[in-house]
Structures are given as structure tokens and as C-alpha cells.
Undergrad: 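Before we start, here is the structure in question, set down as C-alpha cells.
If you're wondering where the values come from, they're calculated on a predicted model, not measured in any experiment. Numbers restart at 1 for each chain; the letters A, B, ... are given by sequence-line order, proteins then strands.
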Protein chains: 2
Amino acid sequence: MKSGRPRTFDTEKALDRAMYTFWRKGYYGTSIPDLTRAMSISRPSLYAAFGNKEALFAKVLDRYRSKPAAYLNEAIKEPTAKKVFEKLLLGAIDLQTDPANPGGCLFVQGALASGESNDAIRHELAARRASGEATIKLRFEQAVSEGDLPVGTNPADLAKFAATVVHGLAVQTAGGDEREDLLHVADLALRAFPN
Amino acid sequence: MKSGRPRTFDTEKALDRAMYTFWRKGYYGTSIPDLTRAMSISRPSLYAAFGNKEALFAKVLDRYRSKPAAYLNEAIKEPTAKKVFEKLLLGAIDLQTDPANPGGCLFVQGALASGESNDAIRHELAARRASGEATIKLRFEQAVSEGDLPVGTNPADLAKFAATVVHGLAVQTAGGDEREDLLHVADLALRAFPN
DNA sequence: TTAATTATATACCATTTAATACAGAATTAA
DNA sequence: TTAATTCTGTATTAAATGGTATATAATTAA
């Protein structure tokens, strides 16, 4: 048994609250008081439980990827590359325009630009976006080897195209674009897909 | 003649310096000392000449749109909608990957998310992005009425697709993507264009 | 009970933030 | 010269930032 006074707050719930706050305001726009208020915990509790702002953000990114952004994992399970692509776009639109969520994508609007002091955050997010793109690329490579995609198709290019559209959708939804309009954008993007 | 001590700095050059700083660091990541250092002027001079940080940013946005982002105006002069689209993507890639510039697009990475205190900045940028999209939409409407685009083509959807790809490219370049790779993305996007 | 351990709350710290007050310097108009 | 005007530099302000020191409360192990 571990001794000591037990925590009076739920770590998972607190992380969720932190996630939505960072999602809405970005890393810079979120202050420690913003976080403690949203998480309903005291400042020292935050530092004791999560390290510091940067460490908390990293935990939040993990959580974001494994919960709201899990549509990526679902998408690559589709039987054909085209369906993978389709599900990717629809999943992104659903997530980013869900009224229960802040608009946009945490990996995009967390921090696209920064002063030298927080370069680390920006690079961390770029790396996470690149990781998603790499996952898609692997799936498309598989599709090529299975004959599901035409010979000569470049999986890396196709994956980067998918990532570009998804990230573009994130900018659009951050600006308040409507789900219905973005579904038409997805339809158009699908026409670029090789048959 | 206007009397008084003359300015010892060039307003245009100072605005350029401010533009690159905001472009690289975003609105939040840029502090007033960052600006005064880059512009080589004192703090009170900045306030006297440009108002405050927000007003300076607005002037910088105008400048960005009329200089580096003027490729939009060039693109819509192309004779066909497809060429407009092509030039739009190539122009965006050229601008965003020019080694002389910070990566990405100021209208995108200036501020995608924010705390309540600076909602105004975020909305201002969203409005400027929407304005660009509206310009493209007008051009595509013209193309439809000229018979350059197939009947039934929705200019609004096509314009939003173009904006989405351009903004997606901005996210990619902010993350360090290479020009060569993004040209392939542009090729793919072009395949979605109606003939 | 006692000791050890862990969480909480108040209060605080140094630094940085955007923004200004004020005095002096440089110019034009009369 | 004189007055009016405008810019510049130093110094300062109040508020907000991320991060802690310290004391106390609550639990387990002995």
C-alpha cells in the first residue's frame, strides 16, 4: 500500500479539462491560472501531479492522440486505401466540427509559431503531425504492395496530400467553417485519389 | 512643411522587420522588446508611430497581403480557372518555402487559438483568410459564367477546397516540409480540379 | 500512538509583459 | 531668436507570467 494523503481530484478528469483548455487557447494562450481554474485544482497540486506546464502539455498531447484523434487508427483499418483516405477526412471533419469540442485540431493550433523560448513546443507538435503522416504513409505502402493502389503511386506523396488536407481542414474549422461545407471539400479531395 | 523633429528610422523598413518577426513568432510569441530590437527603434517610438502592438499587427497584415501574399492577385489574372488554381498552389508554395522568409503563412500562424483577451486577433486573421477565399470564389464564379468551368460546378466549394489546400500547405511548411515534396502535393490537388 | 509519506493551501518570488511619464533633442514657422 | 511641434531615451508602472517555499492536513505502516 502506498501511504500518504490521497488525491482529492481525478487525474484523468483533470487531464481532460487541461486538454480542452489547451485546445481552445493554444499553448501560449493558456496560463497556469487558466489551467488550475479549469482543472479545479491548486497550483502546487498541478506541479506535483504533472511536473510543469510543458510536461502537462505533453501528457495532454498523448491523451488527445489516443482519444479524440483516434479516428486515425480507425481509418487505417479500412480495407482499401481510398476508404482509408475517405474515413480520414470524414473523421477529421467530425472531430473538428463537433460542437462538444473547441474548433480545430490541437496538434495544429497548439502552437504553429513561437519565440525562441518555446521552440521545443512547436517542434514537438510538428513531430506529432509528422508521425501521423508517417502512419498514413505506411498504410498506403501496404496498399501499393497489395495492388490496391496503382503501380507507380507514391505512398509518401499521397500521405502528405492527406495530411495537408486534414491540416487545412483544421485551419478552416479554427476559423469557424461549417461541417456541411467541409464535407464538400472532402468530396473534392477524394476526386484527386488514384483509382 | 510639417515641423518637429524628423524620424530617424524608415517606417517602411521598420514595418518589414515587424512583419518578419510576427511571421516567425506569431502574435503571442512576439513581445514588444522583440519588435523594438528587430525594428531598431525605441519603445516609445514604436507606440508613437504605430499605436500599439495590435495596431502594428494590423498594419503588418495589410503589408503582408499586399507584398508577399500578392501571388493571390496574380493568380486570379490567369485565363482559366484551372490555371488560377495551379498558380495559387505554386504561389503559396513559393512564398512559404522561400528561404528568405520564415516558414508558413502569417495569416495562418499569426494566431489560430487564443485566450479571451486576444480573441480579436484570432478573428481578424480568420476574416482575412475568409477574404482571400471570397476572392477566389468570385473568380471561379466568373469562370462558370464564362463556360470555363462545367455547369453544375459550385464555385464556393471549389474556392473552399483551394483555401483548405493552401492553408494545409501553410501548416506543412510551418513544420519544415520541403518545397519539392509539396509540389507533388500540389500535383495531386490539381487532379481534383474539374475539367 | 508515532513516524513516514503525500497532498493541499496560502503566500510568495523573480521575471516578463504591455504600456507611459517625463525630460531633453531636433526640426520648422514666425 | 522664440515658440511650437515632434521625435527619442531613460526610467518606471502595474499587472501577469511560470514556478516554489512553507506550513498544515490526511493517509498508511509500524
Undergrad: Using whole Å, report how far CZ of B:F57 lies from C1' of C:dA18.
TA: 16 Å
Undergrad: Take atom NZ of A:K53 as the centre, draw a 6.0 Å sphere, and report whether it contains more than 12 heavy atoms from other residues, nucleotides or ligands.
TA: yes
Undergrad: Looking at C:dT8, I'd like to know if its phosphate oxygens (OP1 or OP2) sit under 4.0 Å from a side-chain N or O belonging to A:T8.
TA: yes
Undergrad: A:K53 side chain: which of D:dG18, D:dT8, C:dT8 is closest?
TA: D:dG18
Undergrad: If you look at every strand shown and take non-hydrogen atoms under 4.0 Å, does B:T30 touch a base, only sugar-phosphate, or nothing?
TA: sugar-phosphate
Undergrad: Take atom CD in B:E146; do more than 12 heavy atoms of anything else shown fall under 6.0 Å from it?
TA: yes
Undergrad: Give me the distances for all protein-to-nucleotides 24-26 of chain C N/O pairs that come in under 3.5 Å?
TA:
residue : atom : partner : partner atom : Å
C:dA25  : N3   : B:R5    : NH1          : 3.4

Undergrad: Between C:dA9 atom P and A:I32 atom CD1, what is the distance in whole Å?
TA: 17 Å
Undergrad: Please give, in whole Å, the distance from C:dA7 C1' to A:M39 CE?
TA: 15 Å
Undergrad: Does the side chain to side chain donor-acceptor pair (under 3.5 Å) test come out yes or no for B:T36 and B:R43, once each step is laid out?
TA: CA-CA 6 Å; B:T36 56; B:R43 204 181 262 268; 6.0 Å; no
Undergrad: Parallel, tilted or perpendicular for A:Y64 and A:W23, by the 30°/60° rule?
TA: perpendicular
Undergrad: Can a side chain N or O of A:S42 be found less than 4.0 Å away from OP1 or OP2 on C:dA7?
TA: no
Undergrad: Nearest whole Å is fine: how far is D:dG9 C1' from B:R7 CZ?
TA: 16 Å
Undergrad: Between A:D157 and B:H184, is there a donor-acceptor pair closer than 3.5 Å when you use the side chain of the first and the backbone of the second?
TA: no
Undergrad: Nearest whole Å is fine: how far is C:dT17 P from B:N118 CG?
TA: 14 Å
Undergrad: The side chain of B:S45 lies closest to which of these nucleotides: C:dT20, D:dT8, D:dT20?
TA: D:dT8
Undergrad: A:L46 has an atom CG; how far is it from atom C1' of C:dA7, in whole Å?
TA: 13 Å
Undergrad: Consider the side chain of B:Y47, meaning its heavy atoms from C-beta on, and name the nucleotide among D:dA21, D:dG19, C:dA18 that approaches it most closely.
TA: C:dA18
Undergrad: Please figure out whether B:P44 or A:N52 has its closest DNA chain D nucleotide nearer the 5' end.
TA: B:P44
Undergrad: Please state whether the base of C:dA9 and the side chain of A:R43 form at least one donor-acceptor pair under 3.5 Å?
TA: no
Undergrad: Is any side-chain nitrogen or oxygen of B:S31 closer than 4.0 Å to OP1 or OP2 of C:dT17?
TA: yes
Undergrad: Kindly assign one of parallel, tilted or perpendicular to the pair A:F50 and A:F9, based on the angle between their ring planes and the thresholds 30° and 60°.
TA: tilted
Undergrad: Could you tell me the separation between the CG atom of A:L56 and the C1' atom of D:dG19, rounded to a whole number of Å?
TA: 14 Å
Undergrad: Using a heavy-atom cut-off of 4.0 Å across all strands, would you classify A:F9 as base, sugar-phosphate, or nothing?
TA: sugar-phosphate
Undergrad: Of the options A:Y27, A:F22, A:Y20, which is the one that meets A:V60 in a side chain to side chain contact (heavy atoms under 4.5 Å, CB included)?
TA: A:F22
Undergrad: Could you state the CD1-P distance from B:I41 to D:dT10, rounded to the nearest angstrom?
TA: 14 Å
Undergrad: Can you find a pair of side-chain heavy atoms, one from A:K59 and one from A:R63, that are under 4.5 Å apart?
TA: no
